[in-house]
Amino acid sequence: MAKVDTSSSRPYHIVIFGASGFTGQFVVEEVARTVSEGPNGTLKWAVAGRSRQKLDKVLEQAAGTLGKPELRTAVEVIVADVGEPDSLAAMCKQAVIVLDCVGPYRFWGEPVVKACVENGAHCIDICGEPQFLESMQLNYDSQAADKGVYIVGACGFDSIPADMGVLYTRDQFKGTLTALESFLTVSTGPEGGSINDGTWKSAIYGFADSGKLRSLRKKFGHKPLPVVGSKIKRRSALFYSNEVQQYAVPFMGADPSVVKRSQRFLLEEHQETPVQYGAYAGVGGVANIVKMLFAGMMFWFLVKFSFGQDLLIKYPEFFSFGLFSKDGPTRKQMEGSSFKFAFYGEGYTEGQDPSQGRPNAKIRTLVQGPEAGYVATPIAMVQAAITILNEPTALPKKGGVYTPGATFAKTKLVERLNKHGIQFSVI
């Protein structure tokens, strides 16, 4: 049995590891905003990382940004390094939940998962790297179950809006939902937008290593998920989407992999009908397609060679046409940016047999929110932690390495996200 111990045996409900990183600094601000939502109305928390000086600076910055001068002195600083297992163990022993913000996870994630499992701390990350997420499930699921620990990956923009969006749509559908497509669109304001190059690096290493992901998946020995109702049609590599009124491509992130793992869990543990899922992203008009094709060809060529990977890492702005940068977005850019997931589903009304005939009902839902990488991601990550702390009886009965959908299917996470600006609605 898993246990979420919020008593005084561990001094902190939450420890943010990697708090001085680009994303970590915004997670610090989000935790500081939500302290009243912890168990019994208080949240005990600390920050952790390699450099005490940098962590102090992040707390100083958060104090100024939020107008909370007490952050400078009231929040404990823990020095811990992924290269020093003893320091990770000491950190994990003090936390109910570790929020791991240190990526790329393929390099720095496993020592944190290992330390959390061995020392009884639950762990949440914001990883969008399927190879890491699935390898942690393969290598640590049984140990986490034995220890009663939840290891929950992909709790940021990758992949809470998609994974919980699928479950929300299923729950709103009056009958049996059998197939669902999502279309992601991102809007930026007059200042434009940018993504920190940490995400770019993860993409480079992920594509370079894609062969290993295929062999990893074979080790699970999974049978294909059963297809209920009409088989979903896969779209082409580039098509005009009437749903979002622009050209679209298959979504290249972790969402399809995460959703599939959630659907498998819900089938095996709760005998729920699996939903087929296709994920796509809008790319705009013809000018954007030309840029995308040119950047894509360069990327695909260079990512195959180590010298090419070095070039891509060294010059992210050039090779991504300004989409990725070493500095990441400014706060003004973040304020002007937002995302939308439009979900289009079909299935069978109550009383209809999904094995007979074509689907006879449709549903459309929307998940929308603020800037994806550094506003929505911290909100999603922190609300995932708050949910674990406050709703332990609604979580899976045993510990393990889980997706957001597997962990939070029976909780009020969607309600919590709605209150914090990531909104789920039926259209």
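Index from 1, following the sequence.
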I would like to know whether V367 and Q423 meet side chain to side chain contact (heavy atoms under 4.5 Å, CB included); could you show each step before the answer? CA-CA 5 Å; V367 178; Q423 290 174 328; over 6 Å; no
Does this structure show an ion pair linking E30 with R33, if we count only N-O contacts that are shorter than 4.0 Å? yes
Report yes if the side chains of D100 and I124 come closer than 4.5 Å at any heavy-atom pair, otherwise no. no
We want to know whether T188 and S337 form a side-chain donor-acceptor pair, criterion being a heavy-atom distance below 3.5 angstrom. no
Step-by-step salt bridge (Lys or Arg N to Asp or Glu O under 4.0 Å) determination, E134 to R214: CA-CA 11 Å; E134 294 178 41; R214 285 190 290 273; over 6 Å; no
Run through T407, T387, L167, I422 and flag the one making a side-chain contact (heavy atoms from CB on, under 4.5 Å) with L413. T387
Y247 and S241 side chains, donor-acceptor separation under 3.5 Å: no
Option from F343, F341, F424, F173 for which ring-ring contact (aromatic ring centres under 6.0 Å, His included) with Y168 holds: F424
Are there over 12 heavy-atom neighbours, none belonging to Q53, within less than 6.0 Å of that residue's CD? no
What do the steps show when you test L323 against I195 for side chain to side chain contact (heavy atoms under 4.5 Å, CB included), and what is the final call? CA-CA 6 Å; L323 180 61; I195 303 170; 4.2 Å; yes
Check: G284 main-chain N/O paired with Q246 side-chain donor or acceptor under 3.5 Å: yes
Taking all non-hydrogen atoms of both residues, which atom of R10 and which atom of C92 are closest, and how far apart? NH1-O, 2.7 Å
Testing the basics here: between G399 and A2, what is the closest heavy-atom pair and its distance to 0.1 Å? N-CB, 3.6 Å
Any non-hydrogen side-chain atom of V27 less than 4.5 Å from a side-chain atom of L99? yes
Y315, OH atom: more than 12 neighbouring heavy atoms under 6.0 Å: no
How many angstroms lie between atom CZ of R416 and atom CD1 of I386, to the nearest 0.5 angstrom? 7.5 Å
Backbone N/O of A372 and side chain of T377: donor-acceptor pair under 3.5 Å: yes
Anything under 30° is parallel, anything over 60° is perpendicular, the rest tilted; go ahead and classify F157 against F339. perpendicular
Step by step, would you call S182 with Y277 a side-chain hydrogen bond (donor to acceptor under 3.5 Å, both in side chains)? CA-CA 8 Å; S182 69; Y277 177 62; 2.7 Å; yes
Heavy-atom donor-acceptor pair, N119 side chain to A121 backbone, under 3.5 Å: no
Decide yes or no for S338 and Q368: does some side-chain heavy atom of the first lie under 4.5 Å from some side-chain heavy atom of the second? no
Are T169 and Q172 side-chain neighbours, meaning at least one heavy-atom pair lies under 4.5 Å? no
Take the angle between the ring planes of Y402 and F265 and call it parallel below 30°, perpendicular above 60°, tilted in between. perpendicular
Please check if atom NZ in K398 has more than 12 non-hydrogen atoms from other residues, nucleotides or ligands closer than 6.0 Å. no
Between atom CH2 of W45 and atom OG1 of T34, what is the distance when rounded to the nearest 0.5 Å? 8.5 Å
Rounded to the nearest 0.5 Å, the NZ atom of K114 sits from the OH atom of Y140 at a distance of 6.0 Å
Over 60° means perpendicular and under 30° means parallel, so classify the ring planes of Y344 and F183, tilted if in between. perpendicular
With no hydrogens and no angle check, is any side-chain donor or acceptor of D141 less than 3.5 Å from a backbone partner on V401? yes
Under 3.5 Å donor-acceptor, T403 side chain and R261 backbone: no
Using side chain to side chain contact (heavy atoms under 4.5 Å, CB included), reason through L311 and F318 one step at a time and then give a plain yes or no. CA-CA 10 Å; L311 280 173; F318 175 77; over 6 Å; no
With salt bridge (Lys or Arg N to Asp or Glu O under 4.0 Å) as the test, would you mind laying out the steps for K326 and E317 before giving the verdict? CA-CA 8 Å; K326 290 182 185 291; E317 284 184 77; over 6 Å; no
Side chain of Q271, backbone of E268: donor and acceptor closer than 3.5 Å? yes
Rounded at 0.5 Å granularity, tell me how far CG in L138 sits from CG in L133. 13.0 Å
Look at E181 together with R235 and state whether they make a salt bridge at an N to O cut-off of under 4.0 Å. yes
Under 3.5 Å: donor-acceptor pair, side chain of Q143, backbone of V117: no
Step-by-step side chain to side chain contact (heavy atoms under 4.5 Å, CB included) determination, F408 to V152: CA-CA 10 Å; F408 302 116; V152 193; 4.2 Å; yes
With the threshold set at 4.0 Å, does a side-chain nitrogen-carboxylate oxygen contact exist between E191 and K332? no
Do the non-hydrogen side-chain atoms of P39 and N390 ever get within less than 4.5 Å of each other? yes
Say whether, by atom type as modelled, one donor and one acceptor occur between the side chain of E129 and the main chain of F132 under 3.5 angstrom. no
At what distance, to the nearest 0.5 angstrom, does NZ of K44 lie from CD of Q94? 12.5 Å
Check whether the side chains of S262 and D163 place a donor and an acceptor atom closer than 3.5 Å, and report yes or no. yes
Are the side chain of E371 and the backbone N or O of V375 linked by a donor-acceptor pair below 3.5 Å? yes
Test salt bridge (Lys or Arg N to Asp or Glu O under 4.0 Å) on E391 and K412; report intermediate values, then the result. CA-CA 8 Å; E391 299 184 60; K412 294 178 181 174; 5.9 Å; no
Separation of S215 OG from Q131 CD (nearest 0.5 Å): 8.0 Å
pair V31-V47: side-chain heavy atoms closer than 4.5 Å: no
Using atom types as modelled and distance alone, determine if a side-chain donor or acceptor of E346 lies under 3.5 Å from a backbone N or O of K362. no
Beyond-backbone contact of F22 with D197, side-chain heavy atoms, under 4.5 angstrom: no
Pairing donors with acceptors under 3.5 angstrom, does anything connect the side chains of H420 and E37? yes
Where do K174 and E350 land on the salt bridge (Lys or Arg N to Asp or Glu O under 4.0 Å) test, with the steps shown first? CA-CA 6 Å; K174 292 175 173 60; E350 289 167 352; over 6 Å; no
Any E76 side-chain heavy atom under 4.5 Å of Y12 side chain: yes
Between L55 and G49 the two heavy atoms that sit nearest each other are CD1-N, 3.4 Å
Using the salt bridge (Lys or Arg N to Asp or Glu O under 4.0 Å) rule, collect all pairs that involve residues 399-411, keeping only residues at least two apart or in two chains. E272-K410
Relative to the ring of F324, is the ring of W200 parallel (under 30°), tilted (30 to 60°) or perpendicular (over 60°)? tilted
Using a distance-only test with no angle check, is there a side-chain donor-acceptor pair under 3.5 angstrom linking Q309 and Y205? no
